[in-house]
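Throughout, protein chains are lettered first and strands after them, A, B, ... in sequence-line order, and every chain is numbered starting at 1.
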Number of protein chains: 2
Amino acid sequence: MPAGRKRQGTLEANRREELLQAAARLFVEKGFDATTTRDIAEAVGMRSGSPFYHFRSKQELLKAAMIAGLETGYRRLQAASEDIVDPAQRLRVMIRVHLGNLLEGDCQVPMLLYESRALDAAARAEIATVTDRYQETWQATLDELAAIGKLRSSAAPLRLLLFGMLNWSSQWYRADGALSLDQIAAAAADLLLM
Amino acid sequence: MPAGRKRQGTLEANRREELLQAAARLFVEKGFDATTTRDIAEAVGMRSGSPFYHFRSKQELLKAAMIAGLETGYRRLQAASEDIVDPAQRLRVMIRVHLGNLLEGDCQVPMLLYESRALDAAARAEIATVTDRYQETWQATLDELAAIGKLRSSAAPLRLLLFGMLNWSSQWYRADGALSLDQIAAAAADLLLM
DNA sequence: CCTACCGATCGGTAGG
DNA sequence: CCTACCGATCGGTAGG
C-alpha cells in the first residue's frame with residue numbers, strides 16, 4: 001500500500017519537524033541543560049518517552065535542530081543576496097537578513113550555537129560544516145569590498161567584529177523597543193562601509 | 001579571643017573566595033546547569049555538602065560570583081581610564097581593559113552574564129545595578145565623543161554594537177591565535193572613531 | 001507512539 | 001566543614 005506508507009511517512013516527518021521546532025525554541029529560551037526531554041514532549045503533545053522514537057538522544061535533537069535552523073538561515077541569506085551586484089548594497093541586505101535569522105521567527109538560530117558545548121566533537125564538526133559555508137558567503141563579500149577600498153577597516157577579524165555586533169543584539173533587542181531591525185542593520189552597515 | 005576569631009574569619013572568607021572563583025570558572029566553562037555543586041566542591045577540595053555551609057544555594061553562588069567579577073572589572077575600568085582627559089584615547093583604553101576583563105584571567109566576567117536566566121527576578125535586579133554602573137561609564141565617554149563629532153556613527157545603540165563586537169570575541173579569541181588583544185582592541189576602536 | 005519503569009545524578013539538609 | 005542521606009528529577013529503555 002504505497003499511498004498509505006507515503007502518508008504515514010509524511011505524518012512521521014511532520015511530527016519530527018514539530019519536535020525540532022519545539023526543541024529549538026526551548027533550547028534557546030531556557031538553555032539545553034535546563035530543557036528536559038519531557039518539556040519538549042509536552043510542547044508537542046507527546047508523552048515523556050516518545051521523543052526517543054524520533055531521536056536517539058537529547059543531543060541528537062539539539063544537533064538536528066541546529067543544522068535545520070542553520071540551513072534555513074543560509075537559504076534565506078543566499079536567496080536575498082545572490083543577485084545583488086553592488087557589494088555594498090549586498091552587504092546591507094545580508095546584514096538585514098542575518099538580523100532576521102537571529103531575531104525574527106521563534107527559533108533564533110545563531111543563538112542555538114551557544115549550546116554547542118553540550119555536544120561531542122563529532123557533532124560539533126558536523127555543525128562546523130554548515131556554519132563555515134555561512135561564514136564563507138560573508139567573507140567573499142567583505143573581500144570584494146576591501147578590494148575596492150569600501151571598508152573602513154581592513155583588520156583581519158572584521159567579519160568576527162561584525163558578527164559580534166549583530167549576534168549580541170539578541171541580548172538586548174526587543175520587538176516592541178525603540179529600534180527596528182532596519183535601523184539596527186543600517187547602523188551596523190554604516191560603521192563598516194565608507 | 002578577638003585575635004582567634006579574626007583569624008578564623010579570615011580563613012572562612014578565603015574559603016568563600018576560593019569557592020567563588022572556582023564556581024565562576026566552571027560556570028563559564030560548562031554553563032550553570034551543567035556544573036554541579038559537587039564539581040565546585042571538588043575544585044576547592046571540599047566534600048559535596050560543604051559549599052552549602054558558605055552559600056545557601058547554587059543560585060546564591062552564581063549571583064555572588066557574578067557580582068564579585070563585575071565589581072573587579074568595574075574597578076579595573078575606572079582605575080585605567082578615569083585620569084585620561086582625551087576621550088578618544090580614553091575609549092581606546094577602556095576597550096582594551098574590557099577585552100582584558102573578558103579574556104584575560106580565568107573568570108571571563110561578562111560571559112557569566114549569559115547565565116542570568118538561571119536566577120530569579122530579585123537576583124537579576126541586584127546584578128542589573130552593577131552592570132548599569134559599568135554601562136554608564138561607557139555611555140558618558142561615548143556621549144563626550146559624539147558631542148565633539150568624533151564618532152563615525154551617532155546611532156542610538158552604538159554602545160550596544162560596540163559591546164557586541166567585544167563580547168563576541170570570547171567565542172573565537174584564542175590566546176595562542178594570530179590576533180593579540182591589543183590588535184583586536186585597535187580594530188574595534190578604529191571602526192568607531194574618526 | 002504510550003505505559004511503566006530503572007539507574008543515576010543532583011541540590012540540599014540534619015546532625016555532629 | 002564532613003558523613004550520611006533524602007526526595008525529586010531526568011535521560012533513556014523495554015515491550016507492546
Over 60° means perpendicular and under 30° means parallel, so classify the ring planes of A/F27 and A/F32, tilted if in between. tilted

Hydrophobic clusters here meaning ILVMFWY residues chained together by side-chain heavy-atom distances under 4.5 Å, can you tell me if A/M94 and A/M194 are in one? no

How does protein reach along nucleotides 3-16 of chain D, written 5' to 3' as B (base within reach of a heavy atom under 4.0 Å), S (only sugar-phosphate), or - (no contact)? B-B----BBBB---

Criterion side-chain contact (heavy atoms from CB on, under 4.5 Å) against B/Y134, the qualifying member of B/L77, B/V109, B/L70: B/L77

Under a 4.0 Å N-O cut-off, is there an ion pair linking A/R15 with A/E18? yes

CG (B/L142) and CG (B/L162) are apart, to the nearest 0.5 Å, by 6.5 Å

Nucleotide opposite D/dA4 in a Watson-Crick or G-U pair, distances under 3.5 Å: C/dT13

